[in-house]
Amino acid sequence: MNITEGFIEGIVIKSQLIPHHVLLQARKVLLDYLGVLAGGTRYLEEEHPDLITASPSAAFLYGFAAHVLELDDGHRHGMIHLGASIVSAILDVAKKEDLQSDDVLRGIVMGYEVAVRCARSIQPGHKERGYHVSGTCGTIGSAMGIAFACGYNTEQMKSTLACAVSSAAGVLEIQEQASEMKPYNLGRAALAGEVAAQVGKLAMPGPDDILGGKRGFLAALTDTPKPELLTDFSNNDYAIMGIYQKVHAACRHCHPAIDATIDMRNDLNLQPDQIDRIEVHTYKLAVGSHDHTQIMGISSAKLSTPYAVALAIVKGSAGYADYNEANLEDDAIKMLTHKVSVIEDENLTAQSPAVRGARVTIYLKDENIYEAPCLYPKGEPEHPLTQEELEEKFRGLAMYGGLTQKECDEVIEEIGKEKFSINKIMSICQK
């Protein structure tokens, strides 16, 4: 049995009896996704309305909008964002095919499983080569999520997987400088995943081993292949149980520093003019591309740990409402941003990605020094959002996106039903 055959056999078996607590997690994922989609859509309507009219498909627009606020979920071991591509693709097909709630939940669980396994099998070499795993493995997860939601047979899944792997794309350079195009990779992943699933449904003959072949997935996309992560199904855990859900509207690499900074700000009542300098000690992958102090727009700010720390000191939060043009021009935030250094801590690098933490040291002008660590920022599986916190996040984003309090309650109630209607949910969210 080759790698592709072993992978498909393993995920098919894993899909056949998904435990209740895993399906409950999928419902939480759906609620979180709908909030970031509503908020992201409002943002695009205000900032980039032409993108909405120019969008090639609903799946593309959903994927772009669900990532644009940097509040969508992800998985630290795979270093991948998930819902923006996978749930977007599944919901677009669900509306067209009138899929039932059980189909949608199964698709979400297995789409996440596929994407995370694929991502973990090629990291960190994949990122070091410059690939954006949310684009590459997001495509594969989207396609296979649809395949499971629609009940494809083994041959259809093998064909879908081949199409998706061949469609996998996305480079990290798209997020650099003043670029606002990072969400493009997520929207394209949703769209490409849907196309791969449509073609895969035909079960056209494909290669024997798209994952392990000499010019296949592992060979082409990484220098650090881990094929065992694609074929070892001895662990009964599901990848969706290991996701994080975000409370700060910044790149996840910034979150431990934000949490540690807010804790010290609140405990010590720190003011910007008290601070001489700040050091953020963190793991290697959180340094490059996240240590810049020259901020060239909101997208650049969301990727900058120095800006996030400065924002946390001055405003006490780093939510979607805090990343705005007024704060970009705020003299106190700009001054403080340039006082923050991001430094690799080899011990934290050694612990990554199992732990993606930071240690923040604040040096005051009166020569006092304060330090706080954060190994698991809020939203990680070790420090998860409660149901109440998740609903609060959903309501905030959805109401920003135009829903009323009553409509938010209706969505939450519908998702909680044993058999929910995805068309009813989407009709409320897209009024």
Side-chain angles (χ1 to χ4, degrees), residues 29 63 66-67 70-86 111-142 165 168-176 182-186 188-189 217-218 220-230 237-246 248 250-258 282-291 302-305 308 342 344-345 348-358 374-377 379-382:
V29 161
H67 187 61
E70 280 285 354
L71 278 163
D72 49 317
D73 65 11
H75 196 284
R76 69 175 184 258
H77 288 274
M79 307 178 203
I80 182 174
H81 288 280
L82 294 157
S85 59
I86 295 168
Y112 276 48
E113 188 72 25
V114 168
V116 170
R117 282 180 175 269
C118 287
R120 293 187 67 185
S121 75
I122 55 177
Q123 295 287 35
H126 191 60
K127 181 173 183 176
E128 291 168 351
R129 281 191 176 190
Y131 284 107
H132 190 189
V133 70
S134 301
T136 56
C137 293
T139 300
I140 301 169
S142 298
V165 168
V171 296
L172 286 167
E173 190 66 24
I174 203 170
Q175 71 184 26
E176 298 301 324
K182 183 175 178 242
Y184 173 84
N185 282 346
L186 283 294
R188 190 214 53 80
F217 174 73
L218 293 172
L221 298 183
T222 188
D223 297 318
T224 58
K226 302 179 184 68
E228 67 277 6
L229 294 178
L230 296 173
D237 291 343
Y238 285 76
I240 199 170
M241 300 307 298
I243 64 166
Y244 60 75
Q245 293 173 314
K246 298 170 76 173
H248 307 306
C251 176
R252 191 59 176 183
H253 294 304
C254 307
H255 283 219
I258 296 172
T282 189
Y283 53 97
K284 182 178 181 180
L285 288 175
V287 180
S289 297
H290 304 290
D291 59 351
K302 289 183 174 185
L303 295 173
S304 167
T305 295
V342 184
E344 182 190 357
D345 182 309
L348 289 172
T349 296
Q351 295 179 63
S352 174
V355 176
R356 295 204 302 184
C374 178
L375 298 181
Y376 299 110
E380 290 287 349
E382 295 85 359

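For clarity, every value in this text was computed on a predicted model and none was experimentally measured.
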- Could you give me the CA-CA distance, side-chain angles and deciding distance for Arg120 and Ile80, then say whether side-chain contact (heavy atoms from CB on, under 4.5 Å) is met? CA-CA 9 Å; Arg120 293 187 67 185; Ile80 182 174; over 6 Å; no

- Task: Please report the closest heavy-atom contact between Gly63 and Leu186, naming both atoms and the distance.
- Result: O-CB, 3.7 Å

- Query: What distance do Leu285 atom CG and Gln123 atom CD have between them, rounded to the nearest 0.5 Å?
  - Reply: 8.0 Å

- Message: Can you list everything that forms a salt bridge (charged side-chain N to carboxylate O under 4.0 Å, His left out) with Glu382? Sequence neighbours excluded, please.
- Response: Arg76

- Message: Just so I know, are the side chains of Ile122 and Tyr131 near enough to count as touching, which here means a heavy-atom distance under 4.5 Å?
- Response: no

- When you look at OH of Tyr283, are more than 12 heavy atoms from neighbouring residues, nucleotides or ligands closer to it than 6.0 Å? yes

- Message: Checking side chain to side chain contact (heavy atoms under 4.5 Å, CB included) between Leu303 and each of Cys251, Ser289, Cys254, which is the one that passes?
- Response: Cys251

- Message: So does Leu229 get a backbone contact from the side chain of Arg117, meaning a donor-acceptor N/O pair under 3.5 Å?
- Response: yes

- Item | Closest non-hydrogen atom pair, Glu113 against Ala239 | OE1-N, 2.8 Å

- Pro183: which of His81, His67, Gln175 passes side chain to side chain contact (heavy atoms under 4.5 Å, CB included): His67

- Message: Has His255 got a side-chain atom pairing as donor or acceptor with Ala250's backbone, closer than 3.5 angstrom?
- Response: yes

- Between Cys118 and Ile140, the two heavy atoms sitting closest are SG-CG2, 4.1 Å

- Where is the tightest heavy-atom contact between Ala189 and Gly138, given as atom of each residue plus distance? CB-C, 3.9 Å

- Hey, are the side chains of Lys284 and Ser352 touching, using non-hydrogen atoms and a 4.5 Å cut-off? no

- Task: Working to the nearest 0.5 Å, report the span between CG of Asn185 and CD1 of Ile174.
- Result: 4.5 Å

- Measure up the His253 and His290 rings against each other and bin them: parallel (under 30°), tilted (30 to 60°), perpendicular (over 60°). tilted

- Note on the structure: Sorted by chain and residue number, the salt bridge (charged side-chain N to carboxylate O under 4.0 Å, His left out) partners of Arg356 (sequence neighbours excluded) come out as none

- Any donor and acceptor pair, going by atom type alone, linking the side chain of Thr282 with main-chain N or O of Asp345 inside 3.5 Å? no

- Message: Taking Gly357's backbone N and O only, do any of them form a donor-acceptor pair with Tyr376's side chain (distance below 3.5 Å, no angle check)?
- Response: no

- Would you call Glu380 and Arg252 a salt bridge, taking side-chain N to carboxylate O under 4.0 Å as the test? yes

- Message: Taking side chain to side chain donor-acceptor pair (under 3.5 Å) as the definition, give me every residue that meets it alongside Glu70, ordered by chain and number, with sequence neighbours left out.
- Response: Lys182, Lys246

- Which heavy-atom pair separates Gly111 from Ile86 by the least distance, and what is that distance? O-CD1, 3.4 Å

- Quick one: does Gln245's side chain have a donor or acceptor within less than 3.5 Å of a partner on Asp73's backbone? no

- Between Leu82 and His75, is any pair of side-chain heavy atoms under 4.5 Å apart? yes

- Query: To the nearest 0.5 Å, how far apart are OG1 in Thr136 and NZ in Lys127?
  - Reply: 12.5 Å

- Between Ala115 and Cys137, the two heavy atoms sitting closest are CB-O, 3.6 Å

- Message: I'd like to know if the side chain of Thr139 reaches the main chain of Gly135, judged simply by a donor and an acceptor atom lying under 3.5 Å from each other, with no hydrogens or angles considered.
- Response: yes

